[in-house]
Amino acid sequence: FSSNMVFLSLLLSVEVGVLFSPSDICTAIRCAMSNHCTENSIAVQSGFQIDDGDMLMLTIGIVLVCNVVVTMIAILATFTAWGLVSAVGDDNTHFIVRSSVGLFATQLPSRLLISSLYMFLCWMIMILF
């Protein structure tokens, strides 16, 4: 669980860093999500055309925000699973892990980690192309 926590924390810091980055493409993404682009905004001045027909920046922004939310939920699920396994004594651990609640509680962080990685790859590929 600790390696999942470190990886998810690093992934979250990258996502939040990109979301609030002052670079031109990140400003264009935020501008497309806020729908308050003006002629004087930095994204429009640097050559990015934001209009009603440009859905790519909006899609990247939505996937990025969903990725931040999923990563935060994955961190909370990892804490919960870690607490569940560590709260039960060594003699009773196999009973909890083999039960349906224990099985779902220990599988959820891994599933959320995989979904967070897929979403990360989705918005990274959309930014590159």
Side-chain angles (χ1 to χ4, degrees):
F1 291 117
S2 61
S3 61
N4 281 355
M5 289 298 300
V6 170
F7 186 75
L8 285 168
S9 299
L10 291 173
L11 192 63
L12 182 65
S13 68
V14 168
E15 294 161 1
V16 171
V18 168
L19 188 61
F20 294 111
S21 174
S23 68
D24 294 335
I25 192 164
C26 295
T27 305
I29 290 170
R30 287 191 307 272
C31 188
M33 287 191 321
S34 69
N35 201 14
H36 293 294
C37 292
T38 61
E39 295 296 324
N40 297 329
S41 68
I42 296 170
V44 174
Q45 289 176 355
S46 64
F48 287 102
Q49 299 295 325
I50 305 295
D51 57 357
D52 292 335
D54 191 8
M55 294 297 293
L56 180 63
M57 294 294 175
L58 180 64
T59 307
I60 291 170
I62 289 171
V63 172
L64 182 59
V65 169
C66 290
N67 194 6
V68 169
V69 170
V70 167
T71 306
M72 285 184 190
I73 291 172
I75 289 172
L76 290 175
T78 304
F79 270 129
T80 304
W82 195 353
L84 176 81
V85 171
S86 65
V88 177
D90 292 336
D91 298 333
N92 296 327
T93 304
H94 63 280
F95 290 120
I96 295 295
V97 174
R98 287 185 182 175
S99 70
S100 61
V101 174
L103 186 65
F104 287 133
T106 54
Q107 286 181 350
L108 183 63
S110 300
R111 290 180 180 182
L112 288 172
L113 175 69
I114 295 299
S115 63
S116 182
L117 281 174
Y118 281 144
M119 292 175 82
F120 178 79
L121 288 175
C122 284
W123 66 261
M124 282 298 278
I125 289 171
M126 283 192 284
I127 284 178
L128 293 176
F129 296 109

- Message: So S116 and N67, do their side chains get closer than 4.5 Å, heavy atoms only?
- Response: yes
- Does the side chain of L58 reach to within under 4.5 Å of the side chain of I62, using non-hydrogen atoms? yes
- Is it true that F7 and V16 fall in one hydrophobic cluster, defined by side-chain heavy atoms closer than 4.5 Å? yes
- Message: Let me check something: do L112 and F120 share a hydrophobic cluster, defined by ILVMFWY side-chain heavy atoms less than 4.5 Å apart, either directly or through other members?
- Response: no
- Can you find a pair of side-chain heavy atoms, one from L64 and one from M33, that are under 4.5 Å apart? no
- Task: Of all the heavy-atom pairs spanning L11 and T71, show the shortest one and how long it is.
- Result: CD2-OG1, 4.4 Å
- Item | Value rounded to 0.5 Å, distance of OG1 in T59 from CE in M57 | 10.5 Å
- Task: Identify whether I73 and L8 are in the same connected component of the hydrophobic contact network (ILVMFWY, side-chain heavy atoms under 4.5 Å).
- Result: no
- Message: Has R30 got a side-chain atom pairing as donor or acceptor with S21's backbone, closer than 3.5 angstrom?
- Response: yes
- Evaluation steps, side chain to side chain contact (heavy atoms under 4.5 Å, CB included), between I29 and V18: CA-CA 10 Å; I29 290 170; V18 168; 5.9 Å; no
- Would you say M119 and I25 are hydrophobically clustered, going by side-chain heavy atoms of ILVMFWY under 4.5 Å? no
- Query: Between atom CE of M124 and atom CG of L121, what is the distance when rounded to the nearest 0.5 Å?
  - Reply: 8.5 Å
- Hydrophobic cluster membership, L113 vs V69, 4.5 Å side-chain cutoff: no
- Between CD1 on residue I60 and CD1 on residue I125, distance to nearest 0.5 Å: 11.5 Å
Name the atoms and distances for all side-chain donor-acceptor pairs under 3.5 Å in residues 75-83, with sequence neighbours left out.
unit_1: T78; atom_1: OG1; unit_2: A74; atom_2: O; d: 2.7
unit_1: T80; atom_1: OG1; unit_2: L76; atom_2: O; d: 2.8

- How long is the gap from CH2 on W123 to CG on L128, to the nearest 0.5 Å? 9.5 Å
- Message: Show the nearest heavy-atom pair for residues S115 and V70, with the distance to one decimal.
- Response: OG-CG1, 3.6 Å
